[in-house]
Number of protein chains: 2
Amino acid sequence: MTDAHVPARGKRRDAVRNQQQLLDAAAAVFVESGVNAPVRQVAQRAGVGMGTLYRHFPTRADLVVAVYRHQVDAAAEAGPVLLRESPTPAEALQSWIAIFVEFLVTKHGLADALNGDAEDSAALHRYFVDRLVPVCSDLLEAAVPSGASISAYTLLRGVGNLCIGGAAPDYEPARLARVLVDGVLVGSGSTSHARGR
Amino acid sequence: MTDAHVPARGKRRDAVRNQQQLLDAAAAVFVESGVNAPVRQVAQRAGVGMGTLYRHFPTRADLVVAVYRHQVDAAAEAGPVLLRESPTPAEALQSWIAIFVEFLVTKHGLADALNGDAEDSAALHRYFVDRLVPVCSDLLEAAVPSGASISAYTLLRGVGNLCIGGAAPDYEPARLARVLVDGVLVGSGSTSHARGR
DNA sequence: TTGATATCCGGAGCATTGCTCCGTATAGTT
DNA sequence: AACTATACGGAGCAATGCTCCGGATATCAA
């Protein structure tokens with residue numbers, strides 16, 4: 001499912017064209033109406049039927065993944081760079097988390113979609129996890145060599161959750177994320193009964 | 001809307017009975033199928049029509065609030081007690097947050113419903129905020145007299161968000177919340193540009 | 001150029017969900 | 001027993017994710 005956006009060999013030209021139009025339309029709609037905009041809206045904007053949309057992106061989540069794949073990859077690649085160029089690993093971790101938060105908060109509704117109680121967003125969740133957890137793990141180990149009190153997965157997912165509803169006026173996800181990482185870095189007394197998996 | 005659950009004077013007896021049956025049914029359904037279970041399911045279990053359900057609880061959120069009101073109140077009342085009986089305010093804060101997390105994680109889907117991108121859950125959100133933010137604020141001020149880097153509202157909402165998807169096997173909301181509060185308590189260098197409203 | 005056909009398209013339609021509407025039943029009163 | 005304010009029930013509406021399939025069309029061989 002996940003490579004629905006590759007150029008594709010031997011595809012009919014109209015198929016390729018429609019796929020691109022869908023991608024463009026989705027990107028535009030997501031910006032205007034948030035990531036949770038109705039699929040119909042995307043199809044309409046692309047000038048394409050529902051069938052066409054679902055043939056190229058079997059699931060809503062697949063469409064979302066396709067639209068944001070580049071940016072997720074960029075975030076993943078930023079990890080090693082930060083680790084190499086930051087004064088300290090701790091700062092590298094903070095910076096990387098900040099980038100991640102910025103990304104999620106910018107795309108309205110992405111954080112929401114990333115979880116959304118049910119398994120309807122499993123594909124989205126999986127892609128983010130597969131791509132980013134290893135990077136986060138490296139940063140975490142570098143920043144807290146003695147072993148952090150939480151796993152990279154838990155941290156990443158936690159930060160993702162913090163970004164939900166980032167549009168609200170009095171809610172400050174970026175600050176929360178920073179404070180959370182502060183807590184990870186101090187590895188205070190509460191670590192006594194911790195040492196995550 | 002919010003006092004739909006009071007005994008009610010001058011109501012017909014069948015109305016009172018149905019309201020109670022709805023409350024009981026909702027509690028049971030929420031335990032079995034999560035807080036996001038379809039409303040129809042609650043009505044059916046209560047042996048009552050949709051019209052009856054919506055007359056007593058004009059919105060899905062109202063029903064949820066009614067079911068959990070007692071427990072939210074209990075959490076709110078636990079704040080001052082903890083502050084009085086804990087060795088330090090910092091521990092009081094940690095304990096209180098732990099209680100809140102426990103509550104949210106236990107009720108499957110409650111944390112999800114508490115936010116849920118849209119405004120469909122505004123009533124739920126409001127009730128929790130009105131009832132708990134003041135308590136959290138007192139604890140926060142006691143624990144960090146010099147002023148925390150985040151507001152009580154942001155902290156509370158952040159913790160709520162951390163609890164989303166608490167059912168997942170490798171995700172540890174309780175640990176995250178503890179670490180987050182650790183971060184608040186150390187009030188490290190990142191506070192330099194902070195001092196939230 | 002002209003079929004033949006594998007491939008793709010479009011949008012009506014299904015199932016689910018929150019919520020509304022309104023004709024009917026009934027509790028409480030006289 | 002009759003009467004009326006009150007409450008009941010469930011069909012129905014709108015939105016949404018996703019499926020289905022008859023019809024169009026790009027591509028290629030002759």
Side-chain angles (χ1 to χ4, degrees), chain A residues 1 4 7-23 25-26 29-30 33-66 109 112-113 116-124, chain B residues 1 4-5 7-23 25-26 29-30 33-67 109 112-113 116-124:
Chain A
M1 62 126 253
R9 287 172 44 82
K11 267 191 180 177
R12 267 170 52 168
R13 201 167 286 138
D14 54 350
V16 177
R17 174 172 42 84
N18 280 334
Q19 183 159 315
Q20 190 54 48
Q21 285 180 346
L22 277 168
L23 236 24
V29 168
F30 289 171
S33 313
V35 175
N36 297 313
V39 192
R40 278 172 169 78
Q41 204 171 316
V42 173
Q44 194 160 28
R45 176 147 189 163
V48 139
M50 293 294 298
T52 301
L53 191 161
Y54 274 98
R55 197 168 323 104
H56 288 298
F57 306 97
T59 273
R60 219 185 159 292
D62 293 314
L63 183 59
V64 176
V65 169
D112 310 55
D117 45 28
E119 301 308 309
D120 58 309
S121 55
L124 230 192
Chain B
M1 63 122 261
H5 70 299
R9 284 173 46 82
K11 266 190 179 175
R12 265 169 53 169
R13 202 166 285 139
D14 53 351
V16 177
R17 174 172 42 84
N18 281 333
Q19 183 159 316
Q20 190 55 48
Q21 285 179 346
L22 277 168
L23 236 26
V29 168
F30 289 170
S33 313
V35 175
N36 298 314
V39 191
R40 280 171 168 77
Q41 204 171 316
V42 173
Q44 193 160 28
R45 175 145 188 165
V48 140
M50 292 294 296
T52 301
L53 192 161
Y54 273 97
R55 198 169 321 105
H56 287 298
F57 306 97
T59 274
R60 217 183 159 293
D62 293 314
L63 184 58
V64 176
V65 169
V67 168
D112 310 55
D117 46 29
E119 300 309 308
D120 58 308
S121 54
L124 230 193

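Remember, predicted model here, so these are calculated numbers, not experimental data. We name chains A, B, ... by the order of the sequence lines, and we start the count at 1 in each one.
In this structure, A:T52 reaches the C:dG10 phosphate: one of its side-chain N or O atoms is under 4.0 Å from OP1 or OP2. Close to C:dC8, at under 4.0 Å from its OP1 or OP2, lies no side-chain N or O of A:N18. Side-chain N/O atoms of B:H56 include none lying less than 4.0 angstrom from OP1 or OP2 on D:dA7. OP1 or OP2 of D:dT27 sits under 4.0 Å from a side-chain N or O of A:R13. Of the side-chain N and O atoms in A:R40, none sit less than 4.0 angstrom from OP1 or OP2 of D:dG17.
Each of A:A37 and A:R12 was matched to the nucleotide of DNA chain D holding its nearest heavy atom; the match closer to the 5' end belongs to A:A37.
Computed from coordinates, the B:Q44 CD to D:dG9 P distance equals 13 Å when rounded to whole Å. Remark: C1' of D:dC18 and CG of A:D62 are 12 Å apart, rounded to the nearest angstrom. The nearest whole Å value for the distance from the OH atom in A:Y54 to the C1' atom in C:dA15 is 13 Å. Look at CZ on A:R55: it is 17 Å from P on C:dA6, rounded to the nearest Å. Rounded to an integer number of Å, the gap from A:Q41 CD to D:dA14 P is 19 Å. Computed from coordinates, the B:R17 CZ to D:dC8 C1' distance equals 10 Å when rounded to whole Å. We find that CG of B:L124 is positioned 15 Å from C1' of C:dG18, with the value rounded to whole Å. Rounded to an integer number of Å, the gap from B:M50 CE to D:dC13 P is 15 Å.
The 12-atom threshold is not exceeded at CD of B:Q44, counting heavy atoms of other residues, nucleotides or ligands nearer than 6.0 Å. By the neighbour-count criterion of 12 heavy atoms within 6.0 Å, atom CD of B:Q41 is densely surrounded, having more than that number from other residues, nucleotides or ligands.
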Does the side chain to side chain contact (heavy atoms under 4.5 Å, CB included) test come out yes or no for A:L23 and A:F57, once each step is laid out? CA-CA 10 Å; A:L23 236 24; A:F57 306 97; 3.6 Å; yes
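Separating the CD atom in A:Q19 from the CG atom in A:L53 is a distance of 10.5 Å, to the nearest 0.5 Å. Annotation: the span from B:N18 atom CG to B:T52 atom OG1 amounts to 5.5 Å, rounded to 0.5 Å.
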